[in-house]
Each structure stands twice: as C-alpha cells, then as structure tokens.
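Read through the structure below, which is laid out as structure tokens, and then see the notes.
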Amino acid sequence: MSHPVLRLGLIGYGTVGHAFARALLESQDRIARRLSARVQLTRLAVRHPDRVRVHAPAFRVCDDPLGVASDPSIDIIVEATGDPGASTWLLTSLARGAATISANKQAIASSPSLLGALADRHPLLHCEGAVAAALPIVRALRDSLDGEEILDIRGILNGTTTFLLSEVEQGHTFEEALGAAVRAGLAEAEPTADLSGADAAAKLAILATMAWRTPVTRDQVRVRGVDKRIAEPARVAFANGRRIRLVAEAWHDSALRLVVEPRALDANDPLATVTGVTNAVELHATLAGQLRWFGPGAGGDRTASAILGDLFAAIRSSVASSAGTTRSPVAVNEKVAA
Ligand SMILES: NC(=O)c1ccc[n+]([C@@H]2O[C@H](COP(=O)([O-])OP(=O)(O)OC[C@H]3O[C@@H](n4cnc5c(N)ncnc54)[C@H](OP(=O)(O)O)[C@@H]3O)[C@@H](O)[C@H]2O)c1
C-alpha cells in the first residue's frame with residue numbers, strides 16, 4: 001500500500017532551517033517505517049531566494065512567507081526565521097488547519113494569541129525547538145506533566161551568557177570573552193538579545209505559559225542582563241567557590257513571578273556546573289518532585305532534533321485523523337490482555 005504524502009512548507013533556511021531540511025531528507029525511511037507516511041518539502045520561503053543551496057530538487061523557493069503559510073496545498077508549516085513578525089504567518093497557518101511548527105521564540109513569546117494557543121494545548125501548534133533546542137522540556141510540560149501542578153521552574157536558558165561568565169571568571173576581560181564567543185559561533189556579532197536577557201526571557205515566557213496554562217508574554221518577565229560590569233563580581237564569586245550565571249526563574253505564589261537575572265550560585269548547585277551552550281532546566285511538580293534536564297541548548301542539528309520530534313507528532317496525528325482512528329482494535333485488545 002502506498003503511504004500518504006504530506007506536503008511541507010519551510011520558512012527560513014539558515015542554521016536551523018538548513019539542518020532541519022537535511023535531517024528531513026535523511027529521515028524519510030524512518031518516517032515511512034514508523035509513521036506509514038511520506039513528507040515532501042515542497043515550498044521554501046527566505047529573504048534572499050537567490051542565496052539558497054538546494055538539498056532536494058523538488059521544492060520551490062520564494063521570498064513570500066505568508067504565501068507559503070496560507071498555501072492550501074501545504075499540510076505542515078515549519079518556521080525557523082527569528083523574525084518577530086512571524087506570528088502572522090504562524091496564525092495564518094493554524095487558522096487554515098495546517099500543523100504549525102516553530103523554533104521562533106521571539107515571535108511566539110510576543111504573541112498573546114500564539115501563547116494562548118500553547119496554553120490551551122492547541123493540537124496543531126508545536127514549538128519544542130523554541131526553548132533550549134534539544135531539551136524535550138516543552139513536550140514534557142505539555143504532555144507528561146499535563147496533569148500536574150508545577151510549583152516552580154528554574155533554568156539556564158542562554159548559552160552565550162554562560163560562555164561569557166565562564167570566561168571572565170577564569171580571568172579574561174568581558175571584551176575578550178565576547179570576541180571568543182563570536183569567533184566560536186556562540187554569539188551574534190550583535191548579541192544584544194543574549195546579553196540583555198531578552199532571549200532567556202522569551203524562553204521563560206513560553207515555559208511559564210505551558211506550565212501555568214496562561215499566556216505569559218516576555219514583557220511580563222522582570223529582566224536584568226549582563227554587561228562588562230559583571231566581570232569583577234564573577235571573578236570574586238568564583239574565587240569564593242560560587243558561580244554567577246544568568247538564571248531564569250518562574251514560580252507561583254500569590255501571583256505568577258518571572259525573573260531573569262545574574263545570580264551567584266553555590267558551586268554545588270547543579271545549575272552552577274553548566275558551561276558553554278549547555279542549557280539546564282529544573283522544575284518542581286507536586287507529584288513528580290524535582291526534575292532536571294541538561295543538554296545542548298543551541299545549534300542547527302540540536303534544534304533540528306526538536307523540530308523533527310514535533311514533525312513526527314504532527315504526522316502521527318494527521319495520519320490518525322485521516323484514518324479516522326488512533327489505534328487498531330487488535331492493539332487495544334493486546335494491551336488489555338497484557
Ligand atoms: N541557531 C540556533 O542554535 C537556534 C536554536 C534554537 C532556536 N533557534 C531559533 O530558530 C530560528 C532561526 O534561527 P537561525 O539560527 O537558523 O537563524 P538564521 O541562521 O539567521 O536564519 C534565518 C533564516 O530565516 C530567513 N528569514 C529571516 N527573516 C525572514 C523573513 N522576514 N522572511 C523570510 N525569511 C526570513 C533568513 O533568510 P535569508 O537566508 O534569505 O536571510 C534565513 O534563511 C530563530 O527563531 C532562533 O531563535 C535557533
């Protein structure tokens with residue numbers, strides 16, 4: 001029997017979009033085997049179509065993201081641009097019933113409509129890659145912990161500032177550390193969003209939205225970032241067995257509190273061990289207790305992994321709904337008998 005073919009539109013073909021397109025191509029056999037479907041990348045939108053290096057011959061390249069998002073022949077939209085205005089494309093895609101996957105924390109964390117959809121567990125909206133790349137934290141909050149009361153979330157969500165702080169505590173100047181971060185590809189030449197804490201605040205807003213089921217925009221996060229004045233306190237903290245890290249924290253007491261700020265952590269605090277692009281998320285839930293995730297929070301392949309997971313979820317539910325069933329009777333009977 002031939003597998004159904006789902007048509008995919010990709011918006012953005014930079015570090016993440018490119019890695020995802022390659023991963024998709026390499027995953028076709030797994031998609032056929034595990035999901036009994038095929039996915040065809042049919043359209044791509046970027047700002048500069050003339051610069052695109054093509055992996056698969058079949059797709060059309062344009063500079064019209066809204067046209068791709070609203071194309072009724074496209075079943076799945078994957079968006080990885082970083083454009084804060086991408087919420088329009090994402091909402092357009094959702095409104096016409098397409099599975100919509102985004103790695104764009106900037107757009108999501110500033111859109112009450114998208115955050116509202118996430119808070120309500122909209123079945124077509126997925127954004128695992130938007131927070132801490134490969135760490136499966138969004139899906140954990142959405143699915144595994146959906147029945148739980150989340151008490152608090154604490155994390156290190158920005159690799160650039162972790163790298164800078166690790167360098168300055170070793171005696172490098174802030175400027176030297178920033179230069180090294182740019183050369184290593186960890187920081188943009190213009191790293192304002194990382195240093196100001198805006199990047200971590202956007203990720204925290206998405207996590208809080210999932211955890212407390214209410215739209216939290218990044219403007220609701222109290223933010224203090226890092227600049228060259230952090231170098232001396234970071235060195236002193238290190239000499240005293242502590243580590244300054246840019247910590248993002250959300251908790252609920254009389255109201256929802258959200259903070260991103262540099263904090264001196266005890267050296268034995270698990271978050272203090274984080275270096276480089278590693279991200280860390282720790283949460284407390286009423287029944288589960290304390291849970292922690294550590295892993296690569298940036299990079300093309302790391303984020304492609306998260307997007308691929310979202311894609312598999314989207315394909316599975318699309319195939320199930322077009323078949324009109326989610327499980328064969330035999331599988332249900334076997335489970336009961338076991
Ligand atoms: N890089 C990471 O490690 C990482 C990790 C997790 C999440 N993310 C998120 O993933 C997204 C993409 O990041 P990236 O690092 O891949 O960025 P990038 O390398 O700068 O690539 C951005 C891509 O989006 C396209 N684009 C930007 N604005 C556009 C617009 N208005 N219309 C059409 N295309 C547009 C660019 O087109 P041109 O090539 O023509 O300029 C480019 O192909 C961001 O939201 C980022 O926060 C990134």
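In each ligand, atom 1 is the first atom listed, and ligand 1 is the first ligand listed.
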Open item on the list: Measuring from atom 45 (O) of ligand 1, which candidate in Gln106, His48, Glu79 has the nearest non-hydrogen atom?
Closed with: Gln106

Open item on the list: I'd like to check which ligand 1 atoms, numbered from 1 as shown, lie under 4.0 Å from a non-hydrogen atom of Ala298.
Closed with: 3 (O)

Task: Trp89, any N or O under 3.5 Å of ligand 1 N or O - done: no

- [ ] Ignoring hydrogens, tell whether any protein atom lies closer than 4.0 Å to atom 39 (O) of ligand 1; use the non-hydrogen atoms only.
- [x] no

TODO: Please report which non-hydrogen protein atom sits nearest to atom 29 (C) of ligand 1, along with the residue it belongs to and the distance in Å to one decimal place.
DONE: Arg47 CG, 3.6 Å

Task: Test item: Ser27 side-chain N/O and Leu25 main-chain N/O as donor-acceptor pair under 3.5 Å - done: no

- [ ] Write out the residue and atom name of the closest protein heavy atom to atom 31 (N) of ligand 1, then the distance separating them to 0.1 Å.
- [x] Asp83 OD2, 2.7 Å

Task: Top protein contact for atom 9 (C) of ligand 1, by heavy-atom distance - done: Ala103 O, 3.2 Å

TODO: Give the single entry among Gly82, Ala134, Ser102, Ala202 that approaches atom 44 (C) of ligand 1 most closely by any heavy atom.
DONE: Gly82

- [ ] Answer yes or no: is there an ion pair linking Asp199 with Lys203, defined by an N-O contact shorter than 4.0 Å?
- [x] yes

Open item on the list: One thing to verify: whether Arg121 and Asp146 come together as a salt bridge, which I'm taking to mean a side-chain N less than 4.0 angstrom from a carboxylate O.
Closed with: yes

Open item on the list: Quick one, Ser102 with Glu79, criterion side chain to side chain donor-acceptor pair (under 3.5 Å). Give me CA distance, side-chain angles, the key distance, then yes/no.
Closed with: CA-CA 5 Å; Ser102 174; Glu79 186 270 325; 2.7 Å; yes

- [ ] Please name the residue in the list Arg96, Arg43, Arg7 that meets the side chain to side chain donor-acceptor pair (under 3.5 Å) test with Asp71.
- [x] Arg43

Open item on the list: Check Arg235 with Glu169, please: is the shortest side-chain N to carboxylate O separation under 4.0 Å?
Closed with: no

- [ ] Pick one of side chain, backbone, both or neither for how Thr303 approaches ligand 1, counting any non-hydrogen atom pair under 4.0 Å.
- [x] side chain

Task: Under-4.0 Å heavy-atom contact with ligand 1, by part of Pro65 that carries it - done: side chain

TODO: Please answer whether the main-chain N or O of Ala288 pairs with a side-chain N or O of Glu148 as donor and acceptor at a distance below 3.5 Å.
DONE: yes

Open item on the list: Please report whether ligand 1 has a polar contact with Ala133, defined as an N or O pair separated by less than 3.5 Å (distance criterion only).
Closed with: no

Task: Nearest protein heavy atom with distance in Å, relative to atom 7 (C) of ligand 1 - done: Gly129 O, 3.4 Å

Task: Common cluster, Val216/Ile150, ILVMFWY with side-chain heavy-atom separation under 4.5 Å - done: yes

TODO: Quickly, which of Leu308, Leu124, Ile76, Ile77 forms a side chain to side chain contact (heavy atoms under 4.5 Å, CB included) with Ile101? Name it, please.
DONE: Ile76

- [ ] Report yes if some N/O of Gly299 lies less than 3.5 Å from some N/O of ligand 1; otherwise report no.
- [x] yes

Task: Protein contact to atom 25 (C) of ligand 1 [nearest heavy atom, distance to 0.1 Å] - done: Gly12 CA, 3.8 Å

Task: Heavy-atom nearest neighbour in the protein, as seen from atom 15 (O) of ligand 1, with distance rounded to 0.1 Å - done: Thr15 CB, 3.6 Å

Task: Protein heavy atom at shortest distance from atom 43 (O) of ligand 1 - done: Tyr13 N, 2.8 Å

Open item on the list: Students often mix this up, so state it plainly: with edges at 30° and 60°, are the rings of Tyr13 and Phe59 parallel, tilted or perpendicular?
Closed with: perpendicular

Open item on the list: How far is atom 16 (O) of ligand 1 from the closest protein heavy atom, and which atom is that?
Closed with: Val16 N, 2.8 Å

Open item on the list: Please tell me if atom 1 (N) of ligand 1 is touched by the protein, where touching means a protein heavy-atom distance below 4.0 Å.
Closed with: yes

Open item on the list: Any side-chain to backbone donor/acceptor pair from Ser110 onto Gln106? Under 3.5 Å, distance only.
Closed with: yes

